[in-house]
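Shown next, in structure tokens, is the structure this report addresses.
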Protein chains: 2
Amino acid sequence: MAPSLDTIFAALSDPTRRAILSMLLEDDMAVTDVAEPFEMSLAAISKHLVILANAGLITQEKRGRVKWCKLEPDALRGASVWMQGFGQFEAVNLDAFERFLAVELSDPRPDREEDQDRDAPPKEEE
Amino acid sequence: MAPSLDTIFAALSDPTRRAILSMLLEDDMAVTDVAEPFEMSLAAISKHLVILANAGLITQEKRGRVKWCKLEPDALRGASVWMQGFGQFEAVNLDAFERFLAVELSDPRPDREEDQDRDAPPKEEE
DNA sequence: AGCATTCTCAACCTTTCGGTTAAGCTTGCC
DNA sequence: GGCAAGCTTAACCGAAAGGTTGAGAATGCT
């Protein structure tokens with residue numbers, strides 16, 4: 001069964017876990033390597049990874065004695081969709097909403113001056 | 001200071017709070033009215049509202065003895081931008097989405113004189 | 001075989017979360 | 001003034017979150 005929004009948002013609410021996701025954006029990693037930059041025990045990181053996996057945000061595959069962690073960005077889609085409409089698409093015209101989405105997603109979108117990446121930024125751009 | 005991603009995602013991780021946000025999408029509401037459909041005490045709902053307000057997701061304004069709760073969709077922008085960094089799904093332009101919602105929801109709504117500052121600049125709190 | 005590496009599990013601890021009830025503070029109305 | 005309506009605060013409670021340490025299970029290396 002697909003992870004609930006509860007699970008996904010809760011997983012995202014911890015800065016360590018968001019940092020882990022950011023790291024995995026660059027490459028798949030072994031558990032030990034994920035844990036290396038953090039000042040906490042390996043067991044703690046292992047628990048965080050379980051939480052991320054339960055939320056569907058990563059998958060883990062064991063090869064030999066190494067367990068590889070892989071980002072699953074699709075898991076964010078449900079949360080993203082909810083946020084975009086606060087879950088109340090039925091309250092509005094769905095056709096119009098879909099047309100709106102089509103336009104939004106197809107455009108290169110010039111009007112993007114976003115601030116705010118005080119936390120671990122998903123992409124480094126310095 | 002702007003609420004952290006920690007605070008925002010944590011606020012979104014509770015189903016009661018997400019339901020409250022959905023209700024507020026339709027209209028501003030008094031605290032008692034927010035609490036009405038839930039099977040928990042008014043005090044519990046009041047706490048949830050504090051959490052949502054701390055996350056910047058709602059604002060509360062007291063007029064007389066009634067405290068009105070108002071959705072602040074802008075607060076989701078930070079979270080949306082962070083999630084957008086993971087690619088795969090394109091984050092939607094929230095401004096445009098709001099404009100879309102405004103058009104879709106505008107007509108059949110009487111007595112909404114408190115709706116004036118939808119486009120007001122973001123206020124600081126704390 | 002023996003040992004190191006990699007990771008999880010179990011037990012434990014402290015803090016936070018989400019709820020309760022009871023009391024109290026404003027505010028509006030008669 | 002007196003009372004009801006509308007919320008918040010305080011004290012409390014059980015459960016869950018997030019960390020620790022220590023032991024243990026696989027696996028790979030020599």
Side-chain angles (χ1 to χ4, degrees), chain A residues 3-24 27-71 119-120, chain B residues 3-24 27-71 111 114 125-126:
Chain A
S4 65
L5 288 179
D6 286 33
T7 313
I8 294 172
F9 281 128
L12 294 177
S13 72
D14 184 274
T16 301
R17 289 193 289 265
R18 288 198 308 276
I20 291 174
L21 292 179
S22 297
M23 291 163 58
L24 291 178
D27 222 336
D28 297 0
M29 297 178 78
V31 173
T32 304
D33 295 331
V34 169
E36 195 270 333
F38 296 98
E39 289 188 342
M40 66 179 74
S41 68
L42 180 65
I45 295 294
S46 181
K47 284 191 194 176
H48 280 304
L49 290 171
V50 167
I51 292 172
L52 288 172
N54 284 339
L57 293 164
I58 67 168
T59 49
Q60 294 182 287
E61 181 199 357
K62 194 169 177 185
R63 284 204 299 274
R65 57 181 169 184
V66 174
K67 201 165 187 178
W68 294 91
C69 306
K70 177 174 186 270
L71 195 62
D119 211 272
Chain B
S4 65
L5 289 178
D6 286 33
T7 312
I8 295 172
F9 281 129
L12 294 177
S13 72
D14 184 273
T16 300
R17 289 193 289 266
R18 288 199 309 276
I20 290 174
L21 292 179
S22 297
M23 291 164 57
L24 291 177
D27 221 335
D28 298 358
M29 295 178 79
V31 173
T32 303
D33 295 331
V34 169
E36 195 271 333
F38 296 98
E39 291 188 342
M40 67 179 74
S41 68
L42 180 64
I45 296 293
S46 181
K47 284 191 194 175
H48 280 304
L49 291 171
V50 167
I51 292 173
L52 288 171
N54 285 339
L57 292 164
I58 67 168
T59 51
Q60 294 182 285
E61 181 199 356
K62 194 170 178 186
R63 283 204 301 273
R65 59 182 167 182
V66 174
K67 201 164 187 181
W68 293 92
C69 306
K70 179 182 168 208
L71 197 61
D111 69 296
E114 70 272 17
E125 46 222 43
E126 238 97 342

Start with the C-alpha distance between B:Met40 and B:Thr16, add both sets of side-chain angles, then the distance that settles side chain to side chain contact (heavy atoms under 4.5 Å, CB included), and finish with yes or no. CA-CA 10 Å; B:Met40 67 179 74; B:Thr16 300; 3.7 Å; yes
Pairing residues for A:Ser4 by the side-chain hydrogen bond (donor to acceptor under 3.5 Å, both in side chains) criterion, not counting sequence neighbours: A:Thr7
First and last nt of DNA chain D near chain A, cut-off under 4.0 Å to heavy atoms, 5' to 3', are D:dG18 to D:dG28
Partner set under side chain to side chain contact (heavy atoms under 4.5 Å, CB included) for A:Asp27, not counting sequence neighbours: none
Any idea which heavy atoms bring A:Ile45 and A:Phe38 closest together, and the distance? CD1-CD1, 3.7 Å
dist B:Ile8:CD1 -> A:Leu12:CG (nearest 0.5 Å) comes out at 12.0 Å
Readout for nucleotides 9-19 of chain C: B = base within 4.0 Å of protein heavy atom, S = sugar-phosphate only, - = neither; 5' to 3' it is B-B------SB
Nearest non-hydrogen partners of A:Leu24 and A:Cys69, listed with the distance: CD2-O, 3.5 Å
Could you list by number each residue of residues 29-38 of chain B showing a heavy-atom separation from DNA chain D of less than 4.0 Å, or answer none if no residue does? B:Ala30, B:Val31, B:Thr32
Holding to side chain to side chain contact (heavy atoms under 4.5 Å, CB included), I want the full list of residues that pass it with A:Asp33, two or more places apart in sequence or in another chain. A:Met29, A:Ala30
Nearest-Å distance for atom pair CD1/C1', residues A:Ile45 and C:dT6: 15 Å
Identify, residue by residue, the members of residues 53-65 of chain A with a heavy atom below 4.0 Å from DNA chain C, and return them in order of residue number, or none. A:Arg65
Ignoring hydrogens, what is the shortest heavy-atom contact between B:Met23 and B:Val34? Give both atom names and the distance. CE-O, 3.5 Å
Sequence-distant partners of A:Ala10, side chain to side chain contact (heavy atoms under 4.5 Å, CB included), two or more places apart: B:Ser13
Return a table of donor-acceptor pairs under 3.5 angstrom between the side chains of residues 50-63 of chain A and protein atoms on other chains or two or more places apart.
{"from": "A:Asn54", "atom 1": "ND2", "to": "A:Val50", "atom 2": "O", "distance (Å)": "3.4"}
{"from": "A:Thr59", "atom 1": "OG1", "to": "A:Glu72", "atom 2": "OE2", "distance (Å)": "3.0"}
{"from": "A:Glu61", "atom 1": "OE1", "to": "A:Arg63", "atom 2": "NH1", "distance (Å)": "3.2"}

Side chain to side chain donor-acceptor pair (under 3.5 Å): which pairs involve residues 35-51 of chain B, sequence neighbours left out? B:Arg17-B:His48
Taking five pairs at each end of the helix from C:dA1-D:dT30 to C:dC30-D:dG1, what angle separates the two helix axes (nearest 10°)? 20°
